[in-house]
Amino acid sequence: LIRDLLSEVGLKSAIEAQMHRLPGKLSEILSAALSRPWNSGVEAAGELGMSCALAEGLPLSLVILLKAENFTDAVRTNILCGGDSCGRGILVGALGGLLWGSGGSEGIPEEWINRVLTRDEVRRAAHVIATAT
């Protein structure tokens with residue numbers, strides 16, 4: 001999924017391309033979750049569940065990202081969903097960073113990055129990942 005996102009194929013296309021790698025039940029749950037016309041990630045959480053179990057966390061994390069307008073929206077929606085927001089946050093944050101980058105109106109807010117004590121190391125690591133072939 002990350003490799004596909006680095007190729008800039010788009011999140012929905014990347015998910016669909018990698019769906020076959022998931023175990024049967026998880027693939028079915030994710031497929032059903034992605035086919036629903038959710039109004040928001042919070043609405044999806046009410047039906048998909050909020051635990052850290054992979055079968056619930058992965059589909060909800062991806063729905064949150066698909067519905068979000070930017071990185072901040074994705075993070076805030078994840079928190080508002082309740083339950084294991086920290087477990088989902090790992091995926092939401094990592095994939096959201098790949099999708100929207102940093103800065104500007106869509107990316108990780110600069111003020112958030114500036115609060116990280118190791119921000120220079122984070123920026124270097126992000127650059128390495130973003131420029132990997």
Side-chain angles (χ1 to χ4, degrees):
L1 186 61
I2 291 171
R3 189 175 313 125
D4 287 350
L5 288 177
L6 287 171
S7 301
E8 299 182 12
V9 299
L11 181 58
K12 185 130 176 131
S13 296
I15 294 167
E16 290 169 351
Q18 298 302 321
M19 191 94 70
H20 71 280
R21 296 179 180 271
L22 297 172
K25 183 164 177 63
L26 182 53
S27 179
E28 291 171 22
I29 293 169
L30 180 56
S31 181
L34 297 178
S35 68
R36 295 277 307 272
W38 306 105
N39 291 317
S40 70
V42 175
E43 177 190 19
E47 290 191 41
L48 294 174
M50 300 172 279
S51 77
C52 62
L54 185 59
E56 294 172 351
L58 178 66
L60 181 55
S61 296
L62 296 176
V63 168
I64 288 168
L65 288 165
L66 286 167
K67 300 302 283 183
E69 296 179 14
N70 55 50
F71 185 86
T72 302
D73 182 35
V75 170
R76 288 184 175 150
T77 299
N78 182 50
I79 293 167
L80 290 172
C81 285
D84 185 34
S85 61
C86 61
R88 291 187 313 268
I90 296 167
L91 186 59
V92 169
L95 295 180
L98 282 173
L99 288 168
W100 294 295
S102 64
S105 62
E106 294 185 345
I108 303 167
E110 287 295 322
E111 58 268 22
W112 292 8
I113 294 170
N114 291 335
R115 289 183 187 171
V116 177
L117 297 178
T118 57
R119 66 182 161 270
D120 293 334
E121 294 170 26
V122 171
R123 286 183 195 275
R124 280 192 295 277
H127 178 74
V128 168
I129 292 170
T131 57
T133 56

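Counting begins at 1 with the first residue of the sequence.
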Quiz item: Donor-acceptor pair, K67 side chain versus W38 backbone, under 3.5 Å?
Solution: yes
Practice problem: Starting at CG of L1, measure out to CG of L11 and round the result to the nearest 0.5 Å. | Solution: 6.5 Å
Practice problem: Quick one: do E47 and R36 satisfy salt bridge (Lys or Arg N to Asp or Glu O under 4.0 Å)? Show the steps, please. | Solution: CA-CA 11 Å; E47 290 191 41; R36 295 277 307 272; 2.9 Å; yes
Quiz item: How far apart are the closest heavy atoms of L91 and L65, and which atoms are they?
Solution: O-CD1, 4.4 Å
Practice problem: With sequence neighbours excluded, give me every side chain to side chain donor-acceptor pair (under 3.5 Å) pair touching residues 1-10. | Solution: D4-Q18
Quiz item: Tell me, do I64 and V42 make a side-chain contact under 4.5 Å, heavy atoms counted?
Solution: no
Quiz item: So, S13 side chain and G10 main chain: donor-acceptor pair closer than 3.5 Å or not?
Solution: no
Practice problem: Could you list the residues that satisfy side chain to side chain donor-acceptor pair (under 3.5 Å) with E110, not counting sequence neighbours? | Solution: R123
Self-check item: Backbone of E43 reached by a side-chain donor or acceptor of S40 within 3.5 Å
Solution: yes
Quiz item: Sequence neighbours excluded, which residues qualify as side chain to side chain contact (heavy atoms under 4.5 Å, CB included) partners of A33?
Solution: L48, P59, V63
Practice problem: Go through the structure and list residues passing side chain to side chain contact (heavy atoms under 4.5 Å, CB included) with S27, not counting sequence neighbours. | Solution: M19, L22
Quiz item: Which residue pairs pass the side chain to side chain donor-acceptor pair (under 3.5 Å) test when at least one of the two sits in residues 84-104, sequence neighbours left out?
Solution: N78-R88
Practice problem: Look at the side-chain heavy atoms of Ile, Leu, Val, Met, Phe, Trp and Tyr, link any pair under 4.5 Å apart, and say whether L99 and I2 land in one connected group. | Solution: yes
Practice problem: Please lay out, stage by stage, how L62 and V92 fare under the test side chain to side chain contact (heavy atoms under 4.5 Å, CB included). | Solution: CA-CA 7 Å; L62 296 176; V92 169; over 6 Å; no
Quiz item: Measuring from L30:CG to L34:CG, what's the distance to the nearest 0.5 Å?
Solution: 4.0 Å
Quiz item: Between P109 and F71, what is the shortest heavy-atom contact and its length?
Solution: CD-CD2, 4.1 Å
Self-check item: Path from I29 to I15 over hydrophobic side-chain contacts below 4.5 Å
Solution: no
Practice problem: List in chain and number order the residues that pass side chain to side chain donor-acceptor pair (under 3.5 Å) with D73, two or more places apart in sequence or in another chain; answer none if no residue qualifies. | Solution: T77
Practice problem: Would you indicate whether the side-chain heavy atoms of E106 and T72 approach each other to under 4.5 Å? | Solution: no
Exercise. Determine the minimum heavy-atom distance between G41 and C81, stating which atoms define it.
Key: O-SG, 3.4 Å
Quiz item: According to a 4.5 Å side-chain heavy-atom criterion applied to Ile, Leu, Val, Met, Phe, Trp and Tyr, with indirect links allowed, do I90 and L26 form part of one hydrophobic cluster?
Solution: no
